[in-house]
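Everything on this sheet refers to the single structure shown next.
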Amino acid sequence: MTFDVQYSDSSSNARAGVITTDHGQILTPIFMPVGTAGTVKGVHFSELIEQVKAQIILGNTYHLYLRPGLDILQKAGGLHGFNGWQYPILTDSGGFQVFSLTGIRKLTEEGCVFQSHIDGSKHFFTPENVMDTERIIGADIMMAFDECPPGKSDYHYAKKSLQLTQRWLDRCLKRFQETQPLYGHQQSLFPIVQGCTYKDLRQEAAKFIADKGADGNAIGGLAVGEPTEVMYEMIEVVNDILPKDKPRYLMGVGTPQNILEAIERGVDMFDCVMPTRNGRNALLFTYEGTMNMRNKKWEEDFLPLDANGCDIDKCTSKAYLHHLFKAKELLAMQIGSIHNLAFYLRLVTDARQHIQQGDFINWKKSVIERLGQRL
């Protein structure tokens, strides 16, 4: 995998680049739709390509390991062969999901024993077998296995957790180097910066990871309850240290405003379930603010969802989508998801264009307040 920074904003740390993988190029900054179990909920791949303009999607190691399972994935030729997506894929290591299973998992130096949320069966993840699992899934970008500590962890726990994550990273890298891709395309491994909201721990983590020389680096453990100002501070602290010639991926973030603020601070890649989850629940994002499509005010609004949006936005009226949600039609959730994903991709594409034009900061200031309004 290669990354080339093509444009840099003179008034901030925002940059526009291109990531090149064996499954195609990714223009940054980029938002990656979340396809947890091998599918972006309620959205067909033709819509992801034609309406959303997605360039890369995510899969999740924990969920894919449990179902459909590694045997089926390997027989299919990996996730690309199984689901038919022929563009880049990134897989999370499953660490966040495993450590979210409070009460049904046990953490040790060796790894983590956990119970399946599906049937209660016991499983064991280690840095080594997670690397093996991600090789079988076959994503273009693999994530290291880390501990994602609770956002409000005290300093002692956060430091202890970071040290464990660092030891696990060394084991991940060793296993990654000992193994080869299974399906004829190259894979890259991204380490993850942890450290909660403690500046010195984030600095330590970023320095530790920067020295590894990975193809790209991720920032984890943010947007988990801390104030947004603290999140932005931690991004700045980390990006001052992470290599500028490698892509930076902010995991699980966030609102459109969060994304623009992070782009300003030098982040290149994003993912979040927010656009699809909110879309399924009738909350739509636009440049003018958010719309709750269950509200009666849309009942007789026959204007398009977004005259400047994707084709589905242009041919679907607010009144019709309001009706679909009130009638609990499945199409409502599909349209809501497509609209929100298309808007997120449009947002990062517009950001890229304004970085190229050299007026990113002025553009960001002109739109960011409206993004948070409720219509």
Side-chain angles (χ1 to χ4, degrees), residues 9 11-16 27-34 52-54 58 151 193 197 202 218-240 247-293 295 305-306 308-310 313 336-375:
D9 182 60
S11 303
S12 71
N13 289 319
R15 69 257 191 92
L27 301 180
T28 65
I30 190 65
F31 180 83
M32 304 178 285
V34 177
V52 174
K53 311 296 185 186
L58 268 68
V193 176
T197 57
R202 287 284 176 177
I219 306 168
L222 294 176
V224 289
E226 78 281 359
T228 53
E229 295 78 12
V230 174
M231 176 174 71
Y232 299 148
E233 180 190 0
M234 292 303 105
I235 293 170
E236 291 173 4
V237 165
V238 168
N239 281 351
D240 278 346
R248 300 164 178 153
Y249 164 31
L250 180 59
M251 306 179 75
V253 178
T255 67
Q257 301 96 306
N258 293 157
I259 288 174
L260 293 185
E261 294 288 358
I263 289 172
E264 180 180 344
R265 290 161 172 81
V267 174
D268 307 292
M269 305 168 68
F270 302 88
D271 81 287
C272 190
V273 298
M274 186 175 287
T276 45
R277 181 175 291 169
N278 284 7
R280 294 194 304 273
N281 287 282
L283 187 67
L284 271 55
F285 297 98
T286 77
Y287 269 123
E288 301 306 316
T290 58
M291 302 188 295
N292 185 336
M293 300 314 298
N295 288 351
L305 289 177
D306 189 338
N308 297 311
C310 66
D313 286 339
S337 298
I338 293 169
H339 164 86
N340 278 349
L341 287 174
F343 177 73
Y344 268 60
L345 266 295
R346 180 176 155 206
L347 183 74
V348 294
T349 301
D350 289 349
R352 176 184 171 86
Q353 179 182 342
H354 286 282
I355 293 168
Q356 290 178 251
Q357 293 174 187
D359 63 349
F360 170 77
I361 290 298
N362 287 336
W363 170 76
K364 180 202 145 201
K365 288 177 181 177
S366 73
V367 301
I368 198 162
E369 292 300 325
R370 297 202 310 276
L371 287 170
Q373 293 180 150
R374 288 193 175 271
L375 299 176

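None of these values were measured; they are calculated from a predicted model.
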> Hey, what do you get for CG (Asp268) to OH (Tyr249), rounding to the nearest 0.5 Å?
Replying inline: 12.5 Å
>> Between Arg265 and Leu250, is there a side-chain heavy-atom distance shorter than 4.5 Å?
In response: no
> Any idea which heavy atoms bring Tyr344 and Pro256 closest together, and the distance?
Replying inline: OH-CD, 3.3 Å
> What are the two closest heavy atoms between Pro247 and Arg15, and how far apart are they?
Replying inline: CA-NH2, 4.5 Å
>> Please enumerate all residues that pass side-chain contact (heavy atoms from CB on, under 4.5 Å) together with Asn362, with sequence neighbours excluded.
In response: none
> Is any NZ, NE, NH1 or NH2 atom of the basic residue among Arg346 and Asp306 found under 4.0 Å from an Asp or Glu carboxylate oxygen of the other?
Replying inline: yes
> Got a donor-acceptor contact below 3.5 angstrom from the His339 side chain to the Phe285 backbone?
Replying inline: yes
> Under the side-chain contact (heavy atoms from CB on, under 4.5 Å) criterion, do Leu283 and Met274 qualify, and how do the steps go?
Replying inline: CA-CA 10 Å; Leu283 187 67; Met274 186 175 287; over 6 Å; no
> Of the non-hydrogen atoms in Ile361 and Ser11, which two are nearest, and what is the gap between them?
Replying inline: CG1-CB, 3.9 Å
> Nearest 0.5 Å, what's the CE-CG distance between Met32 and Leu345?
Replying inline: 11.0 Å
Report all side-chain donor-acceptor pairs from residues 219-229 shorter than 3.5 Å, counting only partners two or more places apart or in another chain.
unit_1, atom_1, unit_2, atom_2, d
Glu226, OE1, Ala223, N, 3.4
Glu226, OE1, Val224, N, 3.0
Glu226, OE2, Ala223, N, 2.6

> If every non-hydrogen atom of Ala14 is compared with every non-hydrogen atom of Ile355, which pair is closest and at what distance?
Replying inline: CB-CD1, 3.8 Å
> Rounded to the nearest 0.5 Å, how far apart are CG of Leu260 and CD1 of Ile368?
Replying inline: 5.0 Å
>> Ignoring hydrogens and geometry beyond distance, is a side-chain donor-acceptor pair present between Gln357 and Gln353 at under 3.5 Å?
In response: yes
> To the nearest 0.5 Å, how far apart are NZ in Lys365 and CG in Asp359?
Replying inline: 12.0 Å
>> I'd like to know whether Ile263 forms a side-chain contact (heavy atoms from CB on, under 4.5 Å) with Phe360, so could you lay out the CA-CA distance, the side-chain angles of the two residues, the decisive distance to 0.1 Å, and finally the verdict.
In response: CA-CA 10 Å; Ile263 289 172; Phe360 170 77; 3.7 Å; yes
>> Working to the nearest 0.5 angstrom, can you tell me the gap between Asn13 CG and Asp240 CG?
In response: 7.0 Å
>> With a 3.5 Å distance limit and no angle check, can you tell me whether Arg202 reaches the backbone of Val193 through a side-chain donor-acceptor pair?
In response: yes
> Does any N or O in the side chain of Asn281 come within less than 3.5 Å of the main-chain N or O of Arg277, such that one atom is a donor and the other an acceptor?
Replying inline: yes
> Going from CZ on Phe31 to CG on Asn340, what distance comes out if it is rounded to the nearest 0.5 angstrom?
Replying inline: 9.5 Å
> For Ala262 and Ile235, which heavy atoms make the closest approach, and how far apart are they?
Replying inline: CB-CD1, 4.1 Å
>> Are more than 12 heavy atoms, taken from residues, nucleotides or ligands other than Gln373, located less than 6.0 Å from that residue's CD atom?
In response: yes
>> For Ala54 versus Pro33, what's the shortest heavy-atom pair and its separation?
In response: CB-CG, 4.0 Å
> Any donor-acceptor pair under 3.5 Å linking the side chain of Arg352 with the backbone of Pro29?
Replying inline: no
>> Do Val253 and Met231 have side chains that approach each other closer than 4.5 Å (heavy atoms only, starting at C-beta)?
In response: yes
> Going by heavy atoms in the side chains, are Leu371 and Phe343 under 4.5 Å from each other?
Replying inline: yes
>> Less than 3.5 Å apart, any donor N or O on the side chain of Tyr287 or Asn308 sitting next to an acceptor on the other?
In response: no
